[in-house]
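Accompanying notes for the structure given below.
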Amino acid sequence: MTALLIEANNLSRYYNDHCAVDDVSFSLAKGEVLGFLGPNGAGKTTTMQMLCGNLAPSSGEIRINGFDLLDQPKQAKQCLGYLPDTPPLYKELTVNEFLTYCGRLHGISFKQIKHAIDLAKDRCGLEQVANRLITNLSKGYQQRVGIAQAILHNPKIIILDEPTVGLDPIQIKEIRALIKELGQNHGIILSTHILSEVQESCSHVQIINQGQLILKESIACLNQRMNTGRIKVSTRSTMNLDHFSDINNIHTIEELSNNSYLFHHDISNNPIELIAEKIVNAGWGLLELSPVKQSMEEIFISLTSNKDSA
Ligand code: ADP
């Protein structure tokens with residue numbers, strides 16, 4: 001069985017009588033990159049702060065790598081690396097100076113600190129800028145420094161709050177690749193408003209709305225959920241639709257335009273291969289055959305609006 005790095009059980013947090021996080025439970029295993037999604041005010045930051053030990057839950061239990069965060073905070077926090085949404089950088093220091101300072105805060109011995117810094121710089125692509133002042137680095141590089149300080153002590157768990165906000169597309173791509181790579185040997189939780197980021201970087205997703213978890217599943221299941229039971233088909237010459245009558249799981253064929261159709265099928269039984277085979281065998285000139293997917297935005301809106309109307 002995979003050892004769990006985070007176990008959050010029945011977490012709640014009240015601000016006076018306002019319930020910001022309401023009976024939330026989830027876990028994180030090694031090798032998982034968990035995307036934490038939710039609209040503004042949903043309770044993401046409150047949850048992340050509780051996981052990092054910066055905010056006490058009103059009720060519930062958090063175990064970090066088996067250590068109870070309230071009873072054994074030191075051992076638990078040693079397993080955590082945290083990048084807040086605004087990286088906590090001393091910009092008047094060079095990258096080397098800043099990472100040395102962070103290494104000492106993390107309790108890394110003088111003997112091991114150089115090796116730890118070299119490793120973090122290597123993983124975050126910071127070797128070339130090691131002696132530059134952080135203030136003079138681009139936002140993408142500053143974010144890398146923020147990630148480097150979070151992984152310096154080689155924590156089992158990395159918590160990243162909005163790690164790609166404000167970066168340009170190339171920087172976003174680089175940081176996502178880094179997250180994926182780190183995810184192989186660590187457990188990662190990242191919060192984001194960018195829905196496609198979850199598909200790009202994460203193995204699992206959970207959505208929080210009004211303090212409650214409303215979805216918790218793997219990206220594979222999410223992709224399944226995106227299935228609409230429709231396939232768009234376009235051909236060069238006109239098809240004889242009777243040819244498809246023996247495919248039981250096709251419900252209807254809707255004409256969109258000349259030689260372009262929407263096949264409605266059983267959602268659990270995709271006939272795409274059979275459709276392709278028939279078109280190719282009949283020589284109708286297959287131009288397009290694409291499953292129509294529900295977007296992540298549509299799933300998000302339907303889940304959060306269901307909750308609102310409940
Ligand atoms: P998110 O990170 O998803 O935007 P937050 O966890 O910041 O959500 O906030 C969840 C809810 O708790 C919101 O309604 C917010 O207004 C409220 N809240 C957050 N921090 C405080 C605080 N320190 N005092 C009172 N209410 C707060």
Side-chain angles (χ1 to χ4, degrees), residues 6-28 32-64 69-70 73 76-77 80-89 139 143 146-147 150 157-167 172 175-176 179 187-217 219 222 295-310:
I6 293 183
E7 294 163 83
N9 295 319
N10 309 103
L11 271 192
S12 294
R13 169 71 204 200
Y14 284 83
Y15 293 113
N16 296 320
D17 55 357
H18 173 66
C19 185
V21 172
D22 183 7
D23 198 21
V24 160
S25 298
F26 61 90
S27 61
L28 180 81
E32 283 184 4
V33 181
L34 174 64
F36 199 29
L37 275 175
N40 281 335
K44 300 183 296 296
T45 301
T46 303
T47 307
M48 304 275 252
Q49 286 185 335
M50 288 193 286
L51 292 180
C52 293
N54 294 344
L55 187 72
S58 305
S59 60
E61 180 202 46
I62 301 170
R63 298 188 80 80
I64 302 289
L69 187 55
L70 291 180
K77 286 181 187 180
L80 288 172
Y82 178 42
L83 174 69
D85 52 354
T86 313
L89 305 174
K139 196 153 180 349
Q143 195 71 343
I147 295 178
I157 301 155
I158 305 168
I159 297 183
L160 307 169
D161 203 350
E162 305 267 6
T164 60
V165 159
L167 304 186
I172 289 177
I175 296 289
R176 283 180 184 168
I179 292 170
I188 300 186
I189 297 190
L190 68 92
S191 81
T192 178
H193 288 105
I194 308 161
L195 303 179
S196 60
E197 181 143 289
V198 168
Q199 282 172 297
E200 293 270 336
S201 315
C202 301
S203 62
H204 291 75
V205 60
Q206 67 185 20
I207 297 180
I208 187 167
N209 190 38
Q210 296 179 2
Q212 295 182 339
L213 279 190
I214 53 170
L215 178 101
K216 199 168 53 163
E217 63 190 17
I219 294 297
L222 184 77
S295 70
M296 184 83 184
E297 280 80 2
E298 285 165 330
I299 291 178
F300 186 83
I301 288 166
S302 80
L303 284 168
T304 48
S305 59
N306 279 352
K307 171 72 182 48
D308 289 343
S309 59

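For this chain, numbers begin at 1 and follow the sequence in order. None of the values given here were measured: they were computed from a predicted structure. Just follow the structure's listing: the first ligand is 1, and inside any ligand the first atom is 1.
At under 3.5 Å, a nitrogen or oxygen of K44, whether backbone or side chain, sits near a nitrogen or oxygen of ligand 1. Between A20 and ligand 1, not a single N/O pair is under 3.5 Å apart.
If you check which protein heavy atom lies closest to atom 14 (O) of ligand 1, you get H18 NE2, 3.1 Å. If you check which protein heavy atom lies closest to atom 13 (C) of ligand 1, you get G41 O, 3.6 Å. The closest protein non-hydrogen atom to atom 27 (C) of ligand 1 is Y15 CD1, 3.2 Å. Atom 5 (P) of ligand 1 has T46 OG1, 3.6 Å as its closest protein atom, hydrogens excluded (heavy atom only).
Distance check: L80 CG to I6 CD1 gives 6.5 Å after rounding to the nearest 0.5 Å.
Counting only distance, with no hydrogens or angles, the side chain of S302 and the backbone of I299 share a donor-acceptor pair below 3.5 Å.
In this structure, atom 16 (O) of ligand 1 has no protein heavy-atom contact shorter than 4.0 Å. Protein heavy atoms are found inside the 4.0 Å sphere centred on atom 19 (C) of ligand 1.
Within the 4.0 Å heavy-atom cutoff, P39 counts among the residues contacting ligand 1. At least one heavy atom of G43 sits under 4.0 Å from some atom of ligand 1.
For ligand 1, the atoms closer than 4.0 angstrom to any heavy atom of N40 are 4 (O).
Within the 4.5 Å cutoff, side-chain heavy atoms of S191 are placed close to those of E162.
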